[in-house]
A.B. asks: 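Before I ask anything, let me first share the structure, which is written out below as structure tokens.
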Amino acid sequence: MLKEQNVKLGICPIGWTNDDMPELGSANTFEQCVSEMALAGYTGTEVGNKYPRDTKQLRKALELRNMEIASAWFSAFLTTEPYEKTEAAFLEHRDFLYEMGAEVIVVSEQGQSIQKENVPLFEAKPIFTEEEWTALADGLNRLGKRAREKDMDIVFHHHMGTGVQTTAEVNRLMEMTDEKLVSLLYDTGHLYLSGEDPVEVLKTHLPRIKHVHLKDVREDVARQVKVERSTFLEGVRKGMFTVPGNGSIDFLPIFDTLASSEYRGWLLVEAEQDPALANPLEYALIARNYIREKAGV
Ligand SMILES: O=C1C[C@@H](O)[C@H](O)[C@@H](O)C1=O
Ligand SMILES: [Co+2]
């Protein structure tokens, strides 16, 4: 069982509003989103497209609900654009998160990503060349250094449809980057959907994991996405992702492994699906109850 003093429990806004498809949940307001998160028993969140960018305003809204910012997504383009361009955007993002009190910065390499492209998710992921791997690893080390200036860490988000998706790719990235500068975000749903063993990846990289996304997968829908050659975003609309306790992943060995480790940090429920089909508060509660039952927090 996990210990309450070791982990904080949060939920991402993507179940209420989706940054990649703003039409999903467009009627859901920021206030509704954070109020329902708090009501369901969470104390942290990442940042969604409806959140105020003014740090004072955002802090006040969160404090009223006993909530805090755990982190926020950052898209890097280290394999396709000059490093300086990614760094300039990163510094703005870093400073915003620093002001909000976050300790980690989620970084995903979106160079050549098919996340938003009209191509089959299971057939068209990019494979990086040697040069691209080097550009990615060097760039991440440099971003990691910039994060350390503020006593923050970057946590790399492996992701379906990107060049860092599989176990082998995660392993390679971890080998090529400096452990003091680049940490890992562990996202259960992306590993499972890719056909990896999430427990193996967790055990291999535990000391470098500094942020966790708890995402579940509906296996039957994932199969349909493969057969129908759907895109990533079509898959999301069809419901391939859901909250822990509602899909096919057995989270017990994952929670047990985290419990017997040194892991200290956030566990964030993250389940993008159509809020018109999956009521966000209802699903936030399903996950909250499941985590209490299986992880003891
Ligand atoms: O952390 C995440 C952020 C989303 O924008 C992304 O598409 C989702 O799948 C995810 O894991
Ligand atoms: Co994630």
A.B. asks: Between E200 and K203, is there a side-chain N and carboxylate O pair less than 4.0 Å apart?
C.D. replies: no
A.B. asks: Can you see which heavy atom on I249 is nearest to which on K215, and at what distance?
C.D. replies: CD1-O, 3.4 Å
A.B. asks: Per the salt bridge (charged side-chain N to carboxylate O under 4.0 Å, His left out) rule, what does the pair list look like for residues 47-64, sequence neighbours excluded?
C.D. replies: none
A.B. asks: How about T242 and R218: does a side-chain donor come under 3.5 Å of a side-chain acceptor?
C.D. replies: yes
A.B. asks: With distance as the sole test, does R229 use its side chain to make a donor-acceptor pair with the main-chain N or O of V225 at under 3.5 Å?
C.D. replies: no
A.B. asks: Between E169 and T166, do the side chains contain an N or O donor and an N or O acceptor separated by less than 3.5 Å?
C.D. replies: yes
A.B. asks: Checking Y51 against T45: is there a side-chain donor and acceptor pair closer than 3.5 Å?
C.D. replies: yes
A.B. asks: Looking at K125 and E117, does any basic side-chain N land under 4.0 Å from a carboxylate oxygen?
C.D. replies: no
A.B. asks: Is the backbone N or O of E130 less than 3.5 Å from a side-chain atom of T134, with the two atoms forming a donor-acceptor pair by type?
C.D. replies: yes
A.B. asks: Quick one about R208 and T177 (side-chain donor to acceptor, distance below 3.5 Å, no hydrogens or angles considered), yes or no?
C.D. replies: yes
A.B. asks: Test of understanding: with ring-ring contact (aromatic ring centres under 6.0 Å, His included), list the residues that count as partners of H158, not counting sequence neighbours.
C.D. replies: none
A.B. asks: Between CZ of F74 and OG of S108, what distance do you get to the nearest 0.5 Å?
C.D. replies: 10.0 Å
A.B. asks: List in chain and number order the residues that pass side-chain hydrogen bond (donor to acceptor under 3.5 Å, both in side chains) with K238, two or more places apart in sequence or in another chain; answer none if no residue qualifies.
C.D. replies: E228, S230
A.B. asks: Are the side chain of S260 and the backbone N or O of T257 linked by a donor-acceptor pair below 3.5 Å?
C.D. replies: yes
A.B. asks: Take the angle between the ring planes of H159 and H190 and call it parallel below 30°, perpendicular above 60°, tilted in between.
C.D. replies: tilted
A.B. asks: For the side chain to side chain contact (heavy atoms under 4.5 Å, CB included) test, which of L184, D187, V164 pairs with H157?
C.D. replies: D187
A.B. asks: Atom CD1 in I14, atom CG in L268: separation rounded to 0.5 Å?
C.D. replies: 12.0 Å
A.B. asks: Compute whether any side-chain donor of one residue and acceptor of the other, for Y192 and E219, lie under 3.5 angstrom apart.
C.D. replies: yes
A.B. asks: Output yes when a side-chain donor or acceptor of R146 lies under 3.5 Å from a complementary backbone atom of E87, and no otherwise.
C.D. replies: no
A.B. asks: Between E109 (side chain only) and L136 (backbone N and O only), is there a donor and an acceptor less than 3.5 Å apart?
C.D. replies: no
A.B. asks: Looking just at side-chain N and O atoms, do N171 and H205 make a donor-acceptor pair shorter than 3.5 Å?
C.D. replies: yes
A.B. asks: Looking at G247 and D216, what are the two nearest heavy atoms and their distance?
C.D. replies: N-OD2, 3.0 Å
A.B. asks: Taking side-chain hydrogen bond (donor to acceptor under 3.5 Å, both in side chains) as the test, write out the residues that go with W73, two or more places apart.
C.D. replies: S75
A.B. asks: For the residue pair E36 and W16, confirm or rule out a side-chain donor-acceptor distance under 3.5 Å.
C.D. replies: yes
A.B. asks: Are side-chain N/O atoms of S194 and Q165 paired as donor and acceptor at under 3.5 Å?
C.D. replies: yes
A.B. asks: How about H211 and E46: does a side-chain donor come under 3.5 Å of a side-chain acceptor?
C.D. replies: yes
A.B. asks: Could you pull out all residues at least two apart from P126 that satisfy side chain to side chain contact (heavy atoms under 4.5 Å, CB included)?
C.D. replies: Q112
A.B. asks: Residues in side chain to side chain contact (heavy atoms under 4.5 Å, CB included) with D178, at least two apart?
C.D. replies: N141, K180, L181
A.B. asks: Does the D19 side chain pair with the main chain of N49, one donor and one acceptor, at a distance under 3.5 Å?
C.D. replies: yes
